[in-house]
Amino acid sequence: MKLQGKVINWNDDKGFGFVEPNGGGTRAFVHIKAFNSRSRRPVNGELVIYELVHESGNRYKATNIRFARDNNKEKTKSHERHSPKNSKPKNSKPKSYILSSIFTVLFCIGLVLAVLSRNLPFLIGFAYALISLITILVYAQDKYSAQTGRWRTSEATLHFLSLIGGWPGALIAQKVLRHKTSKSEFISTYRVTVFFNIATLLIIYTEQGQYLLHDIVLPFFK
(Lines give C-alpha, C1' and ligand atoms only; values in the text may rest on other atoms or scores of the structure.)
Protein backbone atom coordinates (compact mmCIF):
# COMPACT_ATOMS: atom_id res chain seq x y z
CA MET A 1 0.00 0.00 0.00
CA LYS A 2 1.29 3.44 -0.94
CA LEU A 3 1.61 6.00 1.82
CA GLN A 4 2.40 9.69 1.76
CA GLY A 5 4.51 11.31 4.44
CA LYS A 6 7.32 13.73 5.10
CA VAL A 7 11.04 13.25 5.67
CA ILE A 8 12.27 14.06 9.20
CA ASN A 9 15.63 13.94 11.01
CA TRP A 10 17.44 13.62 7.67
CA ASN A 11 21.25 13.31 7.91
CA ASP A 12 22.49 14.25 4.46
CA ASP A 13 26.13 13.34 5.14
CA LYS A 14 25.23 9.79 6.17
CA GLY A 15 22.31 9.44 3.75
CA PHE A 16 19.55 8.32 6.10
CA GLY A 17 16.69 9.60 8.23
CA PHE A 18 13.03 8.83 8.92
CA VAL A 19 9.69 9.33 7.24
CA GLU A 20 6.48 10.06 9.10
CA PRO A 21 3.06 9.53 7.47
CA ASN A 22 0.73 12.48 7.05
CA GLY A 23 -1.71 12.68 9.92
CA GLY A 24 0.57 10.70 12.23
CA GLY A 25 1.29 7.01 12.51
CA THR A 26 4.20 4.62 12.28
CA ARG A 27 7.56 6.29 11.74
CA ALA A 28 9.84 4.39 9.37
CA PHE A 29 13.58 4.38 8.75
CA VAL A 30 14.63 5.60 5.30
CA HIS A 31 17.95 5.26 3.46
CA ILE A 32 19.03 7.14 0.35
CA LYS A 33 19.23 3.86 -1.59
CA ALA A 34 15.46 3.40 -1.15
CA PHE A 35 14.70 6.41 -3.37
CA ASN A 36 13.76 5.54 -6.93
CA SER A 37 15.40 8.72 -8.22
CA ARG A 38 18.81 9.82 -6.90
CA SER A 39 19.21 12.87 -9.10
CA ARG A 40 18.76 15.01 -5.99
CA ARG A 41 18.85 14.62 -2.22
CA PRO A 42 15.82 14.75 0.11
CA VAL A 43 15.50 17.50 2.70
CA ASN A 44 13.68 17.68 6.01
CA GLY A 45 9.96 18.26 5.60
CA GLU A 46 9.85 17.07 1.99
CA LEU A 47 6.76 15.06 1.01
CA VAL A 48 7.37 11.57 -0.34
CA ILE A 49 5.30 8.58 -1.46
CA TYR A 50 6.52 5.24 -0.14
CA GLU A 51 5.77 1.66 0.82
CA LEU A 52 6.03 0.49 4.42
CA VAL A 53 7.93 -2.71 5.28
CA HIS A 54 7.73 -4.32 8.72
CA GLU A 55 11.08 -5.58 10.02
CA SER A 56 11.87 -7.45 13.23
CA GLY A 57 10.29 -6.16 16.42
CA ASN A 58 8.52 -2.82 16.07
CA ARG A 59 10.88 -1.46 13.45
CA TYR A 60 9.70 -0.34 10.04
CA LYS A 61 11.49 0.89 6.94
CA ALA A 62 10.32 2.80 3.88
CA THR A 63 11.00 1.40 0.41
CA ASN A 64 10.21 2.29 -3.20
CA ILE A 65 10.26 6.00 -2.32
CA ARG A 66 9.30 8.74 -4.76
CA PHE A 67 9.29 12.49 -4.26
CA ALA A 68 5.68 13.68 -4.15
CA ARG A 69 6.37 16.71 -6.33
CA ASP A 70 8.06 14.50 -8.95
CA ASN A 71 4.94 12.39 -9.02
CA ASN A 72 2.84 15.52 -9.56
CA LYS A 73 5.16 16.62 -12.36
CA GLU A 74 4.72 13.27 -14.12
CA LYS A 75 0.95 13.62 -13.90
CA THR A 76 1.17 17.12 -15.36
CA LYS A 77 3.43 15.94 -18.20
CA SER A 78 1.07 13.05 -18.92
CA HIS A 79 -1.84 15.48 -19.08
CA GLU A 80 0.08 17.75 -21.43
CA ARG A 81 0.96 14.86 -23.74
CA HIS A 82 -2.70 13.93 -24.06
CA SER A 83 -3.86 17.51 -24.50
CA PRO A 84 -3.18 18.79 -28.06
CA LYS A 85 -4.02 22.35 -27.11
CA ASN A 86 -1.25 22.54 -24.54
CA SER A 87 2.33 23.08 -25.64
CA LYS A 88 5.29 22.76 -23.28
CA PRO A 89 7.10 26.09 -22.89
CA LYS A 90 10.82 26.15 -23.47
CA ASN A 91 12.92 26.31 -20.32
CA SER A 92 15.15 29.32 -20.02
CA LYS A 93 18.26 29.49 -17.89
CA PRO A 94 17.83 31.50 -14.67
CA LYS A 95 19.09 35.06 -14.82
CA SER A 96 21.36 34.42 -11.83
CA TYR A 97 23.06 31.60 -13.72
CA ILE A 98 23.74 33.82 -16.74
CA LEU A 99 25.10 36.65 -14.61
CA SER A 100 27.32 34.36 -12.53
CA SER A 101 28.66 32.72 -15.69
CA ILE A 102 29.48 36.08 -17.28
CA PHE A 103 31.14 37.28 -14.08
CA THR A 104 33.26 34.13 -13.85
CA VAL A 105 34.37 34.35 -17.48
CA LEU A 106 35.33 38.02 -17.06
CA PHE A 107 37.22 37.20 -13.87
CA CYS A 108 39.19 34.42 -15.56
CA ILE A 109 40.03 36.67 -18.52
CA GLY A 110 41.16 39.43 -16.15
CA LEU A 111 43.24 36.93 -14.17
CA VAL A 112 45.00 35.69 -17.31
CA LEU A 113 45.69 39.24 -18.51
CA ALA A 114 47.04 40.23 -15.09
CA VAL A 115 49.43 37.27 -15.14
CA LEU A 116 50.56 37.90 -18.73
CA SER A 117 51.18 41.59 -17.97
CA ARG A 118 53.09 40.54 -14.84
CA ASN A 119 50.83 42.57 -12.60
CA LEU A 120 50.06 39.30 -10.84
CA PRO A 121 52.58 36.50 -10.12
CA PHE A 122 52.28 33.41 -12.28
CA LEU A 123 52.06 31.33 -9.10
CA ILE A 124 48.71 32.88 -8.18
CA GLY A 125 47.23 32.28 -11.63
CA PHE A 126 48.47 28.69 -11.56
CA ALA A 127 47.02 28.22 -8.07
CA TYR A 128 43.56 29.36 -9.23
CA ALA A 129 43.64 26.91 -12.14
CA LEU A 130 44.89 23.98 -10.05
CA ILE A 131 42.51 24.51 -7.14
CA SER A 132 39.57 24.95 -9.53
CA LEU A 133 40.42 21.63 -11.17
CA ILE A 134 40.66 19.93 -7.79
CA THR A 135 37.33 21.49 -6.80
CA ILE A 136 35.62 20.10 -9.92
CA LEU A 137 36.94 16.62 -9.12
CA VAL A 138 35.78 16.85 -5.50
CA TYR A 139 32.29 17.97 -6.62
CA ALA A 140 32.17 15.08 -9.09
CA GLN A 141 33.12 12.60 -6.37
CA ASP A 142 30.48 14.04 -4.03
CA LYS A 143 27.86 13.82 -6.78
CA TYR A 144 28.76 10.17 -7.35
CA SER A 145 28.59 9.48 -3.61
CA ALA A 146 25.17 11.14 -3.46
CA GLN A 147 23.85 8.89 -6.23
CA THR A 148 25.29 5.69 -4.77
CA GLY A 149 24.60 6.36 -1.10
CA ARG A 150 28.27 6.50 -0.11
CA TRP A 151 30.00 8.74 2.40
CA ARG A 152 29.64 12.38 1.36
CA THR A 153 32.17 15.21 1.18
CA SER A 154 31.27 17.82 3.80
CA GLU A 155 29.93 21.16 2.63
CA ALA A 156 32.61 22.85 4.74
CA THR A 157 35.27 21.22 2.54
CA LEU A 158 33.54 22.41 -0.64
CA HIS A 159 33.28 25.95 0.71
CA PHE A 160 36.94 25.93 1.82
CA LEU A 161 38.03 25.01 -1.71
CA SER A 162 35.97 27.91 -3.07
CA LEU A 163 37.41 30.29 -0.50
CA ILE A 164 41.04 29.54 -1.40
CA GLY A 165 40.47 30.07 -5.12
CA GLY A 166 38.47 27.14 -6.43
CA TRP A 167 35.19 29.03 -6.80
CA PRO A 168 35.37 29.23 -10.64
CA GLY A 169 35.68 25.43 -10.75
CA ALA A 170 32.90 25.13 -8.17
CA LEU A 171 30.55 27.12 -10.40
CA ILE A 172 31.37 24.92 -13.38
CA ALA A 173 30.77 21.78 -11.31
CA GLN A 174 27.49 23.10 -9.91
CA LYS A 175 26.06 23.85 -13.33
CA VAL A 176 27.50 20.97 -15.37
CA LEU A 177 26.88 18.29 -12.73
CA ARG A 178 23.70 19.95 -11.41
CA HIS A 179 25.03 19.48 -7.91
CA LYS A 180 24.13 21.59 -4.85
CA THR A 181 22.21 24.09 -6.98
CA SER A 182 18.89 23.35 -5.27
CA LYS A 183 20.21 24.18 -1.77
CA SER A 184 19.75 27.93 -1.33
CA GLU A 185 21.72 28.00 1.94
CA PHE A 186 24.70 26.33 0.26
CA ILE A 187 24.62 28.75 -2.68
CA SER A 188 24.44 31.74 -0.33
CA THR A 189 27.53 30.55 1.56
CA TYR A 190 29.27 29.85 -1.74
CA ARG A 191 28.72 33.46 -2.80
CA VAL A 192 30.24 34.64 0.47
CA THR A 193 33.38 32.60 -0.24
CA VAL A 194 33.60 34.20 -3.68
CA PHE A 195 33.35 37.67 -2.17
CA PHE A 196 36.10 37.06 0.39
CA ASN A 197 38.38 35.41 -2.15
CA ILE A 198 38.12 38.31 -4.59
CA ALA A 199 38.48 40.83 -1.75
CA THR A 200 41.71 39.11 -0.72
CA LEU A 201 42.95 39.20 -4.32
CA LEU A 202 42.23 42.92 -4.58
CA ILE A 203 44.15 43.58 -1.37
CA ILE A 204 47.24 42.26 -3.14
CA TYR A 205 47.12 45.31 -5.41
CA THR A 206 47.45 47.69 -2.47
CA GLU A 207 50.86 48.88 -1.27
CA GLN A 208 50.64 46.79 1.87
CA GLY A 209 49.46 43.80 -0.13
CA GLN A 210 52.37 44.04 -2.54
CA TYR A 211 54.80 44.15 0.36
CA LEU A 212 53.20 41.13 1.99
CA LEU A 213 53.15 39.18 -1.28
CA HIS A 214 56.64 39.89 -2.62
CA ASP A 215 58.61 40.24 0.61
CA ILE A 216 56.95 37.67 2.85
CA VAL A 217 54.81 35.13 0.93
CA LEU A 218 56.62 34.50 -2.36
CA PRO A 219 60.10 34.04 -0.81
CA PHE A 220 58.82 30.84 0.77
CA PHE A 221 58.29 29.34 -2.71
CA LYS A 222 61.77 30.19 -4.02
Side-chain angles (χ1 to χ4, degrees), residues 1-82 88-89 91-94 96-97 135-162 169-190:
M1 182 177 68
K2 295 285 186 180
L3 299 175
Q4 186 178 73
K6 63 180 179 179
V7 177
I8 59 174
N9 299 332
W10 179 255
N11 188 320
D12 195 54
D13 288 334
K14 296 182 179 179
F16 66 78
F18 295 89
V19 60
E20 188 176 78
N22 292 340
T26 303
R27 188 176 73 164
F29 175 82
V30 55
H31 192 273
I32 187 63
K33 292 182 178 179
F35 285 83
N36 291 339
S37 173
R38 300 184 193 173
S39 59
R40 62 183 179 84
R41 309 284 288 188
V43 295
N44 282 318
E46 184 157 25
L47 293 177
V48 294
I49 299 173
Y50 65 100
E51 295 178 4
L52 191 65
V53 175
H54 184 204
E55 295 186 312
S56 60
N58 292 324
R59 293 183 300 178
Y60 293 83
K61 71 175 182 180
T63 62
N64 194 22
I65 306 172
R66 298 167 60 96
F67 293 108
R69 60 179 178 178
D70 289 348
N71 191 57
N72 292 334
K73 288 179 181 178
E74 289 185 4
K75 291 181 179 179
T76 301
K77 289 180 180 178
S78 177
H79 175 74
E80 290 176 347
R81 284 195 298 267
H82 293 85
K88 186 178 179 180
N91 292 327
S92 58
K93 294 182 179 179
S96 59
Y97 167 72
T135 303
I136 292 174
L137 295 177
V138 173
Y139 266 80
Q141 175 62 39
D142 188 51
K143 174 73 173 183
Y144 176 75
S145 298
Q147 293 175 333
T148 56
R150 299 186 180 186
W151 193 263
R152 301 288 304 281
T153 302
S154 68
E155 292 185 354
T157 299
L158 299 179
H159 289 317
F160 175 74
L161 289 171
S162 296
L171 179 67
I172 294 174
Q174 290 169 15
K175 305 308 178 183
V176 174
L177 301 176
R178 296 182 180 179
H179 190 47
K180 296 291 186 181
T181 54
S182 61
K183 300 184 69 173
S184 58
E185 183 178 352
F186 179 88
I187 296 300
S188 297
T189 306
Y190 163 75

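No more than 12 heavy atoms of other residues, nucleotides or ligands shown are found within 6.0 angstrom of CD on E185.
With sequence neighbours excluded, the residues forming a side-chain hydrogen bond (donor to acceptor under 3.5 Å, both in side chains) with E46 are R40, R69, listed by chain and number. In this structure H54 satisfies the side chain to side chain contact (heavy atoms under 4.5 Å, CB included) test together with Y60, sequence neighbours excluded. Under the side chain to side chain contact (heavy atoms under 4.5 Å, CB included) criterion, V53 pairs with K61, T63, sequence neighbours left out. The side-chain hydrogen bond (donor to acceptor under 3.5 Å, both in side chains) search around N9 returns none, not counting sequence neighbours. Under the side chain to side chain contact (heavy atoms under 4.5 Å, CB included) criterion, L171 pairs with S100, T104, Q174, K175, Y190, not counting sequence neighbours.
Ion pairing of R152 with D142 is present here, as a side-chain N (NZ or NE/NH1/NH2) and a carboxylate O approach within less than 4.0 Å.
Contacts classified as salt bridge (charged side-chain N to carboxylate O under 4.0 Å, His left out) and involving residues 15-24 (residues at least two apart or in different chains) are not found.
In this structure, the separation between CG on N22 and CG on L47 is 6.0 Å, given to the nearest 0.5 Å. Taking OG1 of T189 as the reference point, atom NE2 of H159 lies at 4.5 Å (rounded to 0.5 Å).
The two residues I32 and P42 come nearest to each other via the heavy atoms CD1-CD, 3.8 Å. In terms of heavy-atom proximity, K180 sits nearest to E155 at NZ-OE2, 3.2 Å.
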